[in-house]
Amino acid sequence: MTSALRVMVVDDHPMWRDAVARDLENAGYQVVATVGEGRQALRVAAALRPDVVILDLRLPDLSGVEVARGLAASDPAPRVLVLSASAEHEDVLEAVKAGACGYLVKSASREEFLGAVRRTAGGEPVFTPGLAGLVLGEYRRLATQRPSDAGPRLTDRETEVLRLVAKGLSYRQIAERLVLSHRTVQNHVQNTLNKLQLHNRVELVRYAIEQGLDGT
């Protein structure tokens with residue numbers, strides 16, 4: 001399974017970056033790139049389309065949160081596992097809001113790290129022990145702040161696009177199915193994010209599933 005998974009490592013410390021890449025390769029993952037800057041990470045990810053991005057929060061140009069947000073907005077979006085020295089609650093919540101699927105502190109063991117990568121690749125939220133409850137509590141709080149029935153409503157087209165996003169279709173696939181341009185689909189998604197006060201596609205899919213728009 002791991003041999004088919006393409007992973008990119010983003011960290012500004014060369015020795016740490018190389019060590020992480022070596023552990024991944026020894027475990028059978030295909031490391032497609034290792035980079036040390038945020039803007040470079042976004043360019044490389046767009047070109048190589050990794051399945052998983054291992055991302056540090058402290059980068060010399062962009063913050064890891066900004067990189068995670070950019071990756072979450074890409075199509076297709078890779079799964080992002082933050083690997084950071086910080087266990088500060090604010091850092092964890094900002095990373096998840098930006099689209100990170102998981103958050104692991106650098107004090108984790110090699111086995112914990114490789115297990116987290118495998119679970120992240122499978123779409124499972126992964127957090128350092130003690131942080132999962134924090135994230136769940138924050139999403140519960142945010143859920144109580146969503147627009148009420150009296151708030152902004154989605155148009156029929158926005159709802160239609162949201163339903164297809166929840167089913168896992170890419171923007172290009174949605175455009176083909178609805179006979180729209182790729183740009184028009186992106187605009188509908190951005191308008192929906194703004195109306196629902198959500199931050200990225202990850203939160204949008206979670207919202208759609210909660211509303212039963214994924215057909216389940």
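- Annotation: side chain of L180 is not in contact with side chain of I174 (no heavy-atom distance under 4.5 Å).
- Within the 4.5 Å cutoff, no side-chain heavy atoms of R79 are placed close to those of D51.
- Linking Ile, Leu, Val, Met, Phe, Trp and Tyr whenever their side-chain heavy atoms come within less than 4.5 Å leaves V126 and V96 in two separate clusters.
- Of all the heavy atoms in A95 and V82, the pair that sits closest is CB-CG2, 4.0 Å.
- Under a hydrophobic-cluster definition in which Ile, Leu, Val, Met, Phe, Trp and Tyr are linked whenever side-chain heavy atoms come within less than 4.5 Å, directly or via other members, V67 and M8 are assigned to the same cluster.
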Practice task
Before giving the answer on side-chain contact (heavy atoms from CB on, under 4.5 Å), spell out for V161 and T192 the whole-Å C-alpha distance, their side-chain angles and the decisive distance to 0.1 Å.
Solution key: CA-CA 9 Å; V161 170; T192 302; over 6 Å; no

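- Between V117 and L5 the shortest side-chain heavy-atom distance does not fall below 4.5 Å.
- By the 6.0 Å contact criterion, CG on D156 is open, its count of non-hydrogen atoms from other residues, nucleotides or ligands being 12 or less.
- Residues V35 and E37 form no side-chain contact, since every pair of their non-hydrogen atoms from C-beta on lies 4.5 Å or further apart.
- Annotation: side chain of D56 is not in contact with side chain of V10 (no heavy-atom distance under 4.5 Å).
- Across all their heavy atoms, E112 and S109 have their closest contact at OE1-N, 2.8 Å.
- In terms of heavy atoms, C101 sits closest to T120 at CB-CG2, 4.1 Å.
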Name each donor-acceptor pair under 3.5 Å that joins a side chain in residues 16-24 to protein atoms two or more places apart or in another chain, with its distance.
unit_1, atom_1, unit_2, atom_2, d
R17, NH1, D11, O, 2.6
D23, OD1, R110, NE, 3.3

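- Put simply, CZ on R172 and OG on S181 are 10.0 Å apart, with the number rounded to the nearest 0.5 Å.
- Side chains of R157 and L178 form a contact here, defined as non-hydrogen atoms less than 4.5 Å apart.
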Practice task
Please lay out, stage by stage, how L193 and Q190 fare under the test side-chain contact (heavy atoms from CB on, under 4.5 Å).
Solution key: CA-CA 5 Å; L193 288 171; Q190 189 58 54; 4.1 Å; yes

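- For L62 against G38, the heavy-atom pair with the smallest separation is CD1-C, 3.9 Å.
- Atoms CG and CG, from L55 and L104 in turn, are 13.0 Å apart once rounded to the nearest 0.5 Å.
- Once rounded to the nearest 0.5 Å, the distance linking CG of L81 with CD1 of I54 reads 4.5 Å.
- Counted within 6.0 Å of NE2 on H182, heavy atoms from surrounding residues, nucleotides or ligands total more than 12; the atom is thus considered enclosed.
- Considering every non-hydrogen atom in both A98 and A72, the closest pair reads O-CB, 3.6 Å.
- The closest donor-acceptor contact from the side chain of D61 to the backbone of R39 lies under 3.5 Å.
- Rounding to the nearest 0.5 Å gives a distance of 10.5 Å between CG of N191 and CG of L196.
- Going from atom CG of L93 over to atom CD of E88 covers 11.0 Å, rounded to the nearest 0.5 Å.
- For the pair R6/L48, a side-chain contact is recorded, criterion being any heavy-atom separation below 4.5 Å from C-beta on.
- Within the 4.5 Å cutoff, the side chain of R58 has heavy atoms near those of the D91 side chain.
- Annotation for P60 and G36: closest pair CD-O, 3.4 Å, computed over non-hydrogen atoms.
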